Amino acid sequence: MIPVMRPWFGPEEEAAVQEVIASGWVAQGPRVAEFEREFAAFVQAGHGVALSSCTTALHLALVLAGVGPGDEVVVPSLSFIATANAVRYTGATPVFADVDPATANLTAKTVEAARTPRTRAAIVVDQAGVPADLDEIRAAHPELALVEDAACAAGATYRGRPVGAGAELCAWSFHPRKLLTTGEGGMLTLGDAEGAARARRLREHGMSVSAADRHATGSTAPERYTEVGFNYRMTDLQAAVGLVQLRRLPELIARRRALAARYQELLAEVPGIGTVTDPDYGTTNYQSFWITLPGDFPMDRDALLAFLAGRGVSARRGIMAAHLEPAYADLPTPDLPATEWLTRNSLILPLFHTMTEAEQDQVVAAVRAAAEG
Ligand SMILES: *Cc1c(COP(=O)(O)O)cnc(C)c1O
């Protein structure tokens, strides 16, 4: 079976983990601090705060933006459900906006349609690694706090710079379904030093002095708990893996972009199939290679997934829509035509670093066989 995704590791990751174990300090410590510095430099952000996941990074981003009960936050329904869940953690209400059918991302116009006087913020997702047009949204909605959900977008570019470079608050994921993985893990990048210091306290129970700093300095002064915090820490074991993975990222993206270009060329011969591609203002890292089916395709999306599985190809449904899930059934039913079309008619094809051209040919042959009925 050709998998939809496979992480790319080498002996360097194993050696890095062994080194941390041998050091005797495996929780958040010097490797986390080093990973934060290197990742923030890579995405050209002022500060990086390593966390346990992108979900916790989104939660802290909203806390730093001052979002709380009574506020509304505009989010795309067409996203992994963590985007909307993070809003609920703050006591605020998510309001679902539609997306551009070509990029699968929010636009200034779709945010406008979801706004009310209670809207405090929006979470702009770079869906599947395709950058959203953040400048356009910011220019049209200067009153809103914008949080970028760049879970999928490490190494994608926006207007000639890395995604995240211009963001006030940007959340990243290092889950194995993403390009750069630490097993589980996330990061919040931001420009503001005070916000970064507060996020570092909040990830560690609101402590005024981190355990790692106490260990490093030998300080015996008792710590204070300045506000109610969380345990959202990353471990040094994870960060050590992340440092190696970060060095692999440029090669990983080059390979994905080459394989994606080959998919686009081969699938252009199957009538009506749409494929994800770069928007005109940036480049995607092809975190997920999604295709859309034309209305006259001989089978529906779920039948196609079963057909592909029968031919040794593990594909996945396209991006989910949170407003169709029971967890959000209590909200008013929004009118989201592009979201509903994309979630029903798209699927994600296998794409991973060690994928061979023969495997890719097998995937395309299976899609073509389905198209021919
Ligand atoms: C994967 C993903 C998340 C969640 O990331 P975790 O690190 O697993 O918490 C959030 N948003 C989007 C868009 C994602 O794709």
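Owing to the predicted nature of the structure, the values given are computational and were not obtained by experimental measurement. Atoms within a ligand are numbered from 1 in the order they appear, just like the ligands themselves.
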**Item:** Heavy-atom nearest neighbour of atom 6 (P) of ligand 1 within options Gly129, Ser173, Ser79
**Value:** Ser173

Test item: [X] and [Y] side chains (from C-beta on) under 4.5 Å apart, heavy atoms:
X	Y	answer
Asn105	Asp100	no
Arg198	Val63	yes
Asn345	Phe297	no
Arg344	Leu324	yes

**Request:** Have a look at ligand 1 and work out which part of Thr55, if any, has a heavy atom under 4.0 Å from it: side chain, backbone, both or neither.
**Result:** both

**Asked** How does Cys54 reach ligand 1, if at all, at less than 4.0 Å between non-hydrogen atoms: by side chain, backbone, both, or neither?
**Response** both

**Asked** Quick one: CD on Gln127 to OG1 on Thr103, what's the gap to the nearest 0.5 Å?
**Response** 9.5 Å

**Asked** Of all the heavy atoms in Arg177, does at least one lie under 4.0 Å from an atom in ligand 1?
**Response** no

**Asked** Can you tell me if Ala57 has a non-hydrogen atom under 4.0 Å from ligand 1?
**Response** no

In terms of atom number and element, which parts of ligand 1 are under 4.0 angstrom from non-hydrogen atoms of [X]?
X	answer
Val125	13 (C)
Ser53	7 (O), 9 (O)
Cys152	15 (O)
Gly185	7 (O)
Thr83	11 (N)

**Message:** Under a plain distance cut-off of 3.5 Å, with no hydrogens placed, do Glu184 and Gln238 share a side-chain donor-acceptor pair?
**Reply:** no

**Prompt:** Among protein heavy atoms, which lies nearest atom 2 (C) of ligand 1, and at what distance?
**Reply:** Lys178 NZ, 2.7 Å

**Asp149 N/O to ligand 1 N/O under 3.5 Å** = yes

**Message:** Does the plane of the ring in Phe35 sit parallel, tilted or perpendicular to the ring in Phe174? Use 30° and 60° as the thresholds.
**Reply:** tilted

**Cationic tip of Arg256 above Tyr286 ring, under 6.0 Å, 45° of axis** = no

